[in-house]
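Worksheet: the structure to be examined is printed underneath.
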Amino acid sequence: MSNCPVEYWIWLQNALGAGARTDELLAYFRNPEEMYNAGEYEWRLSGLLTQKKIESLKSSTVEKTTEIINECRQKGYIIITPDDTLFPDRLKNLPDTPLVLYGMGDCSVMNDVVSIGMVGTRKASNYGIETAQKLSFLLALSGATIVSGGALGVDSEAHAGAMLAKGRTLAFLGCGLSVNYLMENAALRRAITRYGAVVSEYSPFTTASRTTFPTRNRLISGVSLGVVVVEAGVKSGSLITANFALEQGKDVFAVPGDIVRSSFDGTNHLIKNGAKPVFTAEDVLSEYEYRYGDLLDLSNAKVNIASVPYVDYRKKKSTTQSKDISKKETEVKIAENPVEKIERKTLPEDISDEAKKIYSVLNEQGVHIDDIVRETNLKMNVVLSSLTELELLDFVQLESGKKYKLI
């Protein structure tokens, strides 16, 4: 397959839709540019396209991709096609390989060798929430990259666990990167881009729908060696991911759950039908030790999940109560403070003492990581872990030059 300008890849994906099977088309036409130039007569002659698809190809033009490309340039999104070295090798052999991926962050994470998918219900129980975070933490601590969907519930905890372990994580979204979907997860997505990447097969303005998520799920399993289902009912979209994994020849794992709760019917059914039950991170990573032992540290994987502390990064973030002041007083304050300052928020009472100490030395201009270590007299690993806790709570933000500032 020869190199092809990005606008032709976008054209073909826009015309046929995300998840379309294009392996035979690309074998016949070599690349989207040659297909575009071949025209309607050759499209019909190939015998690979229905009349509906031909009409869609005709109505979509390369010129229409300009808006997408401009949006990506303005927002700093990375456009990745099968011609690029960043494109994940494990997705290239899929019959429905994505023709374009849009990414934020370090997109090389898509080619991490020991990647483990972790999925589950959005309305997870406390058991599912804690298990997802703790298991993900130990998997990441052992050297695995955690792949999930950036949604609420199990997905969020999987990403958070990886970041708390200072590991790598990758989120595949079921909508475009510029869509304000799940605003309560905005801080989490920003953090993910600093520990890996947020990626979507959908153009930036594509809204989420009932069909976008199942289509997205094949990518989670596609880049992973195996998929862990933490908590899922019989109709959960997580089972779609598990089915994709089986079709792609990947391993399927499941966390055993309460047999009298319907939210675990799906995971328990997977185990009954051959999925490997997961009680420790070692249950997952032992499957890959013989191939990738040099990339893993299974001593961490043997740790009892129950002994890992859970970080409730979604705890209510209270702020200092605003005072009822008159318009005149407001005008005076503005005059006295021409540079707007960020009001220091009140931390939750149950946040770690280390995080409180670090928060006290931060400001809105930003403090270098080395200065934080010096001023708090805490060890670097403790500082990094506590800063991640503050990031996930949306209190601080990492800036260029390893500086952390209040937000």
Side-chain angles (χ1 to χ4, degrees), residues 116-142 144 146-165 169 171 174 182 184-185 188 210 213-214 217 220-221 224 226-246 250-287 300-316 350 392:
I116 303 296
M118 186 174 289
V119 294
T121 180
R122 300 181 184 200
K123 298 179 180 179
S125 64
N126 289 337
Y127 167 79
I129 290 291
E130 292 199 23
T131 300
Q133 187 187 111
K134 294 178 179 183
L135 180 59
S136 172
F137 177 87
L138 292 175
L139 287 169
L141 203 62
S142 302
I146 303 301
V147 185
S148 197
L152 297 175
V154 169
D155 285 15
S156 294
E157 299 300 328
H159 293 302
M163 291 187 285
L164 288 166
T169 188
L182 281 179
E184 57 264 56
N185 260 13
L188 180 78
R210 293 180 64 184
F213 294 104
N217 291 350
I220 295 175
S221 57
S224 303
V227 172
V228 181
V229 184
V230 176
E231 179 179 352
V234 291
K235 294 183 179 180
S236 171
S238 305
L239 299 190
I240 297 175
T241 311
N243 288 332
F244 275 129
L246 291 172
K250 308 299 178 71
D251 299 311
V252 176
F253 307 86
V255 175
D258 193 333
I259 63 173
V260 299
R261 294 187 61 170
S262 60
S263 63
F264 293 98
D265 286 349
T267 44
N268 291 334
H269 179 77
L270 287 174
I271 293 171
K272 184 178 180 181
N273 285 276
K276 183 176 180 179
V278 175
F279 300 95
T280 66
E282 185 182 23
D283 291 331
V284 177
L285 297 182
S286 61
E287 296 292 323
N300 292 315
K302 299 176 188 292
V303 173
N304 187 335
I305 291 179
S307 67
V308 178
Y310 172 72
V311 176
D312 184 7
Y313 65 93
R314 290 194 184 279
K315 63 191 85 171
K316 184 174 178 62
D350 54 349
L392 292 174

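Quantities reported herein were computed from a predicted structural model and do not represent experimental measurements. Positions are given from 1 along the sequence.
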Could you give the distance from [atom1] ([X]) to [atom2] ([Y]), rounded to the nearest 0.5 Å?
X	Y	atom1	atom2	result
Leu139	Leu285	CG	CG	5.0 Å
Asn268	Ser263	CG	OG	9.5 Å
Glu231	Thr121	CD	OG1	6.0 Å
Phe279	Ile305	CZ	CD1	10.0 Å
Ser262	Lys235	OG	NZ	11.0 Å
Leu138	Ser307	CG	OG	7.0 Å

Which atoms form the tightest heavy-atom contact between [X] and [Y], and what is the distance?
X	Y	value
Pro277	Pro256	CB-CG, 4.1 Å
Ala232	Ser238	CB-CB, 4.0 Å
Ala124	Val154	CB-CG2, 3.9 Å
Ala254	Leu270	CB-CB, 4.2 Å
Ala165	Ala140	CB-CB, 3.9 Å
Gly233	Leu239	O-CD1, 3.5 Å

Do [X] and [Y] have side-chain heavy atoms sitting under 4.5 Å apart?
X	Y	value
Val227	Lys250	no
Ile146	Thr169	yes
Phe244	Pro214	no
Ile240	Phe213	no
Leu246	Val252	yes
Gln133	Val308	no
Thr280	Lys302	no

- Note on the structure: Test side chain to side chain contact (heavy atoms under 4.5 Å, CB included), reference Ser221, set Thr241, Asn243, Asp251, output is Thr241
Short side-chain to backbone donor-acceptor contact, [X] and [Y], under 3.5 Å:
X	Y	result
Ser156	Ala151	yes
Ser142	Ala301	yes
Asp155	Arg122	no
Ser148	Met118	yes
Glu130	Tyr310	no

- Query: Cut-off 3.5 Å, side chains only: do Asp265 and His269 have a donor facing an acceptor?
  - Reply: no
- Message: Holding to side-chain hydrogen bond (donor to acceptor under 3.5 Å, both in side chains), I want the full list of residues that pass it with Asn300, two or more places apart in sequence or in another chain.
- Response: Asp297
- Sorted by chain and number, sequence neighbours left out, ring-ring contact (aromatic ring centres under 6.0 Å, His included) with Tyr127 holds for Phe264
